[in-house]
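Here's the structure we're looking at; comments come further down.
FYI, side chains are in, hydrogens and waters are out, and symmetry mates aren't considered; it's all heavy atoms of this structure.
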Amino acid sequence: MTSLQIAVTGIGILSSIGRNKQEVYESMEQNKSGIDRIKSFDPEPFISKIGAELKMFDSNDYFTLEKEKSFDRCSQYAIVSIQEALEEAHVDLVSSTIGLAFGTCNGGLNSLEQQRSLEELDPDKTRNYPFYQQGDTVASHFQLSGPVMTLNTACAASGNAIGYACDMLRHGHADIMIAGGSDSMSTSVYAGFNSLKALNDAPCSPYNEQYGLSLGEGAAFVVLEPLEKALAREAKIYTIIEGYGLSSDAYHETAPQPDGHGIRKAVEMAVSQGNVSKEDIQYINTHGTGTKANDPAELRGLRSYFEDQFDNIYVSSSKAYFGHNLGAAASIEYVTTLLAVEQGKLPATLHFSEAREGCDHPKLVTNTMHRYSPKYFLCNNSAFGGHNSSILSKNVFHPLYSSPKNNTNRQTKDRSIAICGYGTIHALASEEGSLLTNLQQNETSTLQLDFSLKNYNKTLYERRMNPLTQYSIGACDLALKKAAIDESEYETLGLVYGTSRGSLKSAEKYLGSILDRGVANASSVYFPDMVLNSTAGKLAKKFSIKGFSSSHSSGGVDGLQAIHYGTTSILDGKQTTVLVGAGDEQSTLSTEIDKAMNLTSSSYNITEGSTFLMLADYETVKEKGLQQLASIKGFGQAFHSNTDLYVTVEKAVVQCLENANLSEDNIDFIFYHNNDVTDTEAFLKLKEKYGHLPVNTLNHLCGYMESNGSLFHTQVAIELLSLSKEDQQSITQSLGWTKEQLETGLIVSTSINGNSMAMVIEK
């Protein structure tokens, strides 16, 4: 693998120990902790009464009354910290293509819990709830036009976001990326951790004899750009990101794998991509939640990788400063590490007295910052659902560091990726997971999905498993069967999953337990499914998938984003095979959200289901004798900021064709996954411009699936392309298409907020 060589040229932070980077660093130097008694809600019913809230934050200092009402706290925190980062980076906001990778665990949950009901919800508040909404709101505020994606991998989300942003830069999809995370204090989330008995009634101190975590809130973001561009404009560089890794424990919904294998694999991936020696890594900012299970497991995983060298590596956890910031944890810990390293110091683990069993380490930095300048350092994070992230960075302030010459182009050359399996669970899907036959026969008498994973394969089912997880496991199993992957190889697979809302039936049950019984009696059974990455975590556990692993939201392009992110993981050498999927689930709460997002005004029925594809590089296809159903040739992605959506769609299409090294003349048909609310005119303009081609949507037949629709359209395209010329003609003639043979298809998708994606696939 080639190292990333991505420069951090601006940072912004908002936490319980400061409203900006200067205040935060001063608090760290003074060994201050922001953990104190909770004031935003009554903490009396809980085991712990403390948390790390933003005490000095006043939204009136940053926003007009109108803006303050339209932005929830998660969005407000993000905007403030991003503004600080952008001002420092001095980037050209007008002529640059800038994207956003937004990590969050809670998203707009505050806007839902404020209503104290799950029925007849207020549309304005409910519109802030979908987990992609905060990222899209922030992107619109800054009028960004590049890739916009919300990473929902719980407490690893903002680390995942930084890695994703690096990939977008590396593969030329943006000039600059903003990456990080934001989360605000939530009563229902606090109640969930209370139900798991994970909280500490004293300020948390990871690795200390007294265990338990302290929840916090805040945001931190970094401005990222290719190193050569940062050097060319003589920007301040905080660090150079050399590599990152993602993995899945495939072990448990809320507990880490005891031997720490998952975090070891993420670290191994990051170091491998960075092409550095393990001996050069001299500091690790660990996830270190302070919980009984996490701390020793993480140290075991690190020791198993570094072996005896581990005793020479400085280690600390920053969470004792500002609590566990959930989706923002990784980025806040990363930014504070950068602030400390710039001054030749390492963050400390505060409130420390004595290491508990399994947590002793000879170079644990405790109680006060330690003066040291590491050559390379890691920032690690882990999450519910078993997701892990690790970021490898070079210390540009190290005494032996020399600035590289501005003559290195690190961007990789894209190449095709094979699709060798598919499977769909949907009302129109066959038992084998195929779609084309039923769509061709127009069998649309009902779109009601009647699927039971227990009946499909009882060994894959677990008690109280929500429908979204059942659909997704079923579709994943069908794709694995179609690809004929041996079960012994599942552990090496990667997994990228898109869902805009997660399981809202689980959310209904969890939030309902609070409404019915009070916060002190919140359900510990349904709380873990409140995080959107829980479905991906259960998929990984059920099939023992332990490779590159991520989960995300976008409100309409989730499926194509899953394919894209899975593709980049293969192109960068992190994986040879990746499962990519998406899923939607209907519920009473999802209907309320549909109303708030105005999706109920669409001419399409709103439906549910899941689709999975198996991706592989050509060497693996040849080596393992896998079937090649189609090839992925290129991608384009754009976000619209107060402009005609069609302009954004066309930008994504043009970028996609350039990325695939193709012209319009090479395209034989276009499938457009549209919502028919915000993109109706864009669809008509696309049909007009490409009038010589069939431009179709399948949503009038299969219904609208927010997350899964673009993957559904992709599978139908794959099935079409994989047919013989004669079989293709029988279908195209029945559709009135003039093309005699189909070789290349273009898939286009748009979200409710104007995120647009395009992908080219070939026979």
Side-chain angles (χ1 to χ4, degrees), residues 419-453 455-457 460 467-485 495-500 535-536 539 542-543 556-563 566 578-586 604-615 627 629-630 632 671-673 696-723 731 745 747 749 759 761:
I419 301 170
C420 50
Y422 58 72
T424 290
I425 298 296
H426 184 271
L428 295 180
S430 70
E431 289 186 1
E432 295 77 28
S434 298
L435 296 169
L436 195 56
T437 302
N438 288 343
L439 282 170
Q440 184 186 5
Q441 295 172 356
N442 200 27
E443 294 185 1
T444 57
S445 57
T446 177
L447 290 175
Q448 184 70 40
L449 178 54
D450 181 20
F451 176 78
S452 164
L453 185 62
N455 292 338
Y456 170 81
N457 184 341
L460 296 175
L468 177 65
T469 303
Q470 292 190 50
Y471 305 157
S472 301
I473 289 176
C476 184
D477 188 59
L478 289 168
L480 286 166
K481 288 177 178 175
K482 181 76 174 177
I485 300 289
L495 173 66
V496 182
Y497 184 76
T499 178
S500 287
T535 299
L539 280 160
K542 191 58 63 176
F543 295 102
V557 298
D558 312 74
L560 288 187
Q561 282 183 328
I563 301 172
V578 180
L579 277 161
V580 296
D584 298 278
E585 171 197 275
Q586 289 185 283
Y604 307 135
N605 293 314
I606 296 175
T607 53
E608 58 186 346
S610 177
T611 300
F612 269 80
L613 304 179
M614 175 63 77
L615 311 182
Q627 59 181 337
L629 304 170
I632 299 169
F671 279 160
Y672 188 170
H673 168 52
N696 294 84
T697 182
L698 303 174
N699 289 337
H700 65 292
L701 297 174
C702 65
Y704 179 71
M705 291 176 284
E706 187 174 54
S707 300
N708 188 49
S710 58
L711 256 174
F712 186 100
H713 281 72
T714 300
Q715 180 177 320
V716 175
I718 294 165
E719 291 189 52
L720 264 175
L721 291 172
S722 61
L723 295 175
I731 292 175
I747 315 298
S749 184
M759 176 182 70
I761 58 174

For the pair [X] (side chain) and [Y] (backbone), establish whether a donor and an acceptor sit closer than 3.5 Å, ignoring hydrogens and angles.
| X | Y | result |
| --- | --- | --- |
| S434 | S430 | no |
| Q448 | A427 | no |
| N699 | T697 | no |
| D584 | S707 | yes |

E706: what forms a side-chain hydrogen bond (donor to acceptor under 3.5 Å, both in side chains) with it, not counting sequence neighbours?
->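 If we apply the side-chain hydrogen bond (donor to acceptor under 3.5 Å, both in side chains) test to E706, skipping adjacent residues, the hits are Y132, R501.
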For the rings on F612 and Y422, is their centre-to-centre separation under 6.0 Å?
->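 Ring centroids of F612 and Y422 are no less than 6.0 Å from each other.
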So, do [X] and [Y] sit near enough that their side-chain heavy atoms are less than 4.5 Å apart?
| X | Y | result |
| --- | --- | --- |
| Y704 | N605 | no |
| Y672 | L698 | no |
| L579 | L615 | no |

Before giving the answer on side-chain contact (heavy atoms from CB on, under 4.5 Å), spell out for L495 and V578 the whole-Å C-alpha distance, their side-chain angles and the decisive distance to 0.1 Å.
-> CA-CA 6 Å; L495 173 66; V578 180; 5.9 Å; no
Is there a donor-acceptor contact under 3.5 Å linking the side chains of [X] and [Y]?
| X | Y | value |
| --- | --- | --- |
| T611 | Q715 | no |
| E608 | Y471 | yes |
| Y497 | T535 | no |

Give me the atom names and distance for the closest heavy-atom approach of [X] to [Y].
| X | Y | result |
| --- | --- | --- |
| G556 | S500 | N-OG, 4.0 Å |
| S472 | G583 | OG-CA, 4.5 Å |
| A562 | G581 | CB-O, 3.8 Å |
| D558 | T499 | OD2-C, 3.9 Å |
| L453 | Q470 | N-OE1, 3.0 Å |
| A475 | S610 | CB-O, 3.5 Å |

For S749, all residues meeting side chain to side chain contact (heavy atoms under 4.5 Å, CB included), sequence neighbours excluded =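 Result, side chain to side chain contact (heavy atoms under 4.5 Å, CB included) vs S749: V557, L560, H673, S710.
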To the nearest 0.5 angstrom, please state how far the [atom1] atom of [X] sits from the [atom2] atom of [Y].
| X | Y | atom1 | atom2 | answer |
| --- | --- | --- | --- | --- |
| L720 | F671 | CG | CZ | 5.0 Å |
| E719 | L435 | CD | CG | 5.0 Å |
| I761 | L721 | CD1 | CG | 5.0 Å |

List for me each residue that meets salt bridge (Lys or Arg N to Asp or Glu O under 4.0 Å) alongside K542, sequence neighbours excluded, and say none if there are none.
->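 K542 satisfies salt bridge (Lys or Arg N to Asp or Glu O under 4.0 Å) with E462 only.
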Positive for side-chain contact (heavy atoms from CB on, under 4.5 Å) with L428, one of T607, L439, V716, L449 |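 For L428, the side-chain contact (heavy atoms from CB on, under 4.5 Å) check succeeds only for L439.
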